[in-house]
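Input: a single structure, listed below in structure tokens.
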Amino acid sequence: MFINRRITAWIAGVFLVVMVAGCKSRFEKLRASNNIAQKYQEALKYYNKKKYSKALILFDDLAQRYRGQAEAEDLYYYGAYSNYYLRDYTSARFYFKQFTDTYPNSARAEECRYMGAYCYYLESPKVGLDQEYTYRAIEALQLFINLYPDSERAKEAAGLIDDLRDKLETKAFKNAKLYLDMGLDGDYRAAVIAFENVLIEFPDTKYAEEMEFLSIKAQCLYAEQSRMARREERYGEALDFYANFVADYPESSFRKEADQLKQDAEKGIEEAQKYAAQVAAATAEAEPEEAIETTN
């Protein structure tokens, strides 16, 4: 009985191999066929059955054969979507662009223009990575909106741009905060500048409140690291940041910490002023002695 099971399994395996080989040979025969009308119809069948890899191979084979004919438009269109469904967004974007460049007056031109931009959106990486494709996606989506301002897809494109800008805001905020977290020489001043730049580039950012608070903190730490002669000025800038922060967010959850930083800055200014007074007094005492030596 055990032997019979092994024989049955072996026969089933051979049958499966033969079937697979048969399917492969049929597809290869179809691909090699000169009957382009049949190949075109079979390619569409593969596409409709969601067998996009095989459909794409046939679409590519047929592209040269149908150049300049009505079927070529469908080949570009279905080829683009085959790549899209295979998640090859770079190739899909190329196909969609080719379609809009070749058939700008097609009823599908708007759709393909949008899909090309959407492929850029899908290629936008995680926040921690280089955001080149995020900027490209924003540019492509904005171009779509400019070309088709009344389209329903324009609203979708605007929403996608908001998502992408949110990603850029988050990256910019994290990069700026990294200077503060590292705390190396010069990093605190770099953090202050970075926070200012983010607020300028993204005036409506959701991180504005936190960044204004962190600007006070970074400036205080920068002043603390400075030589005594520069501390009064730099703590004074921290107080300016505090005044702006309190005016913008009087009920902020960071208010208690900000108030403590204000007190630290005021104390730092007092110490800097005392130091300046001592230096001035020491200088004044030294001047008469220098005068006597010069006279003698």
Side-chain angles (χ1 to χ4, degrees), residues 40-41 43-60 62-63 66-173 198 200-208:
Y40 179 82
Q41 292 303 318
L44 291 180
K45 287 180 182 179
Y46 280 124
Y47 179 86
N48 291 327
K49 290 179 180 179
K50 299 183 179 180
K51 297 180 178 181
Y52 300 115
S53 294
K54 288 185 175 181
L56 186 57
I57 291 171
L58 297 180
F59 288 146
D60 285 341
L62 291 166
Y66 278 106
R67 183 181 296 276
Q69 301 182 44
E71 291 84 354
E73 180 177 336
D74 287 341
L75 291 170
Y76 275 116
Y77 181 79
Y78 291 120
Y81 270 106
S82 294
N83 280 295
Y84 173 76
Y85 290 130
L86 289 169
R87 298 187 178 182
D88 183 355
Y89 300 124
T90 300
S91 297
R93 175 165 43 79
F94 174 78
Y95 271 78
F96 284 125
K97 185 178 186 303
Q98 271 199 323
F99 185 95
T100 55
D101 290 345
T102 308
Y103 306 102
N105 298 320
S106 168
R108 296 166 170 168
E110 176 191 324
E111 175 188 354
C112 288
R113 174 79 69 176
Y114 175 81
M115 289 302 299
Y118 184 61
C119 285
Y120 265 130
Y121 172 83
L122 293 174
E123 291 179 291
S124 174
K126 295 180 180 179
V127 169
L129 302 176
D130 180 77
Q131 296 299 309
E132 176 185 355
Y133 278 90
T134 302
Y135 284 105
R136 289 187 181 185
I138 290 174
E139 182 180 352
L141 289 164
Q142 187 59 57
L143 176 60
F144 176 83
I145 293 172
N146 294 343
L147 292 173
Y148 303 99
D150 298 324
S151 168
E152 282 296 318
R153 293 188 180 93
K155 296 178 182 178
E156 296 175 18
L160 295 178
I161 289 175
D162 288 342
D163 290 344
L164 294 168
R165 285 183 61 82
D166 183 70
K167 182 183 292 188
L168 293 177
E169 285 179 23
T170 300
K171 183 175 178 63
F173 168 68
V198 176
I200 291 171
E201 185 176 359
F202 304 102
D204 297 324
T205 177
K206 61 186 176 183
Y207 301 108

Interatomic spacing from CG in Asp162 to CD1 in Ile138 - rounded to 0.5 Å: 9.5 Å

Mutual orientation of the aromatic rings belonging to Phe99 and Tyr103 [parallel < 30°, tilted 30-60°, perpendicular > 60°]: tilted

Check: Leu129 main-chain N/O paired with Gln131 side-chain donor or acceptor under 3.5 Å: yes

Parallel, tilted or perpendicular: ring planes of Phe59 versus Tyr78, cut at 30 and 60 degrees: parallel

More than 12 heavy atoms of other groups within 6.0 Å of Lys167 NZ: yes

Geometric class of the Phe96/Tyr81 ring pair [parallel <30°, tilted 30-60°, perpendicular >60°]: perpendicular

Flag if over 12 foreign heavy atoms under 6.0 Å of CZ, Arg165: no

Check: Tyr118/Glu156 side-chain N/O donor and acceptor closer than 3.5 Å: no

Point-to-point distance, once rounded to the nearest 0.5 Å, from OH of Tyr76 to OH of Tyr95: 9.0 Å

Partner residues of Tyr207 under the ring pair (Phe, Tyr, Trp, His ring centres under 6.0 Å) criterion, sequence neighbours left out: Phe173

Step-by-step side chain to side chain contact (heavy atoms under 4.5 Å, CB included) determination, Ile57 to Tyr46: CA-CA 10 Å; Ile57 291 171; Tyr46 280 124; over 6 Å; no

Exercise: identify the closest heavy-atom pair between Ala172 and Phe202: CB-CE1, 4.2 Å

Atom pair CD (Glu71) and CG (Leu62), whose distance is rounded to the nearest 0.5 Å: 9.5 Å

For the student: nearest non-hydrogen atoms of Ala55 and Ala43, plus distance: CB-O, 3.7 Å

Flag if over 12 foreign heavy atoms under 6.0 Å of CD, Gln142: yes

Student check: side-chain heavy atoms of Leu58 and Tyr47 closer than 4.5 Å: no

Heavy-atom pair with the smallest gap, counting every atom of Thr100 and Ala109: CG2-O, 3.5 Å

Glu152 atom CD, over 12 foreign heavy atoms within 6.0 Å: no

Approximate separation, where rounding is to 0.5 Å, of Lys97 NZ and Thr102 OG1: 9.0 Å

Step-by-step side chain to side chain contact (heavy atoms under 4.5 Å, CB included) determination, Arg108 to Asp74: CA-CA 10 Å; Arg108 296 166 170 168; Asp74 287 341; 2.7 Å; yes

Main-chain N/O of Leu44 paired to Asn48 side chain as donor or acceptor, under 3.5 Å: yes

Nearest heavy-atom neighbours spanning Thr134 and Pro125: OG1-CD, 3.8 Å

Leu122 vs Arg87, side chain to side chain contact (heavy atoms under 4.5 Å, CB included): CA-CA, chis, key distance, verdict: CA-CA 9 Å; Leu122 293 174; Arg87 298 187 178 182; over 6 Å; no

Asp130/Lys171 salt bridge by N-O under 4.0 Å criterion: no

Euclidean distance, Arg113 CZ relative to Leu141 CG, rounded to 0.5 Å: 12.0 Å

Between CG on residue Leu56 and OG on residue Ser82, distance to nearest 0.5 Å: 5.0 Å

Heavy-atom closest pair, residues Ala137 and Leu164: CB-CD1, 3.6 Å

Trace of the side-chain hydrogen bond (donor to acceptor under 3.5 Å, both in side chains) decision for Tyr77 with Glu111: CA-CA 10 Å; Tyr77 181 79; Glu111 175 188 354; 2.9 Å; yes

Tyr40 ring center within less than 6.0 Å of Tyr66 ring center: yes

Within 6.0 Å of CZ in Phe94, more than 12 heavy atoms from elsewhere: no

Lys/Arg-Asp/Glu bridge criterion (N-O < 4.0 Å) met for Glu123, Arg93: yes

Phe144 ring center near Tyr148 ring center (under 6.0 Å): yes

Closest contact, heavy atoms only, Ala92 versus Tyr84: CB-N, 3.6 Å

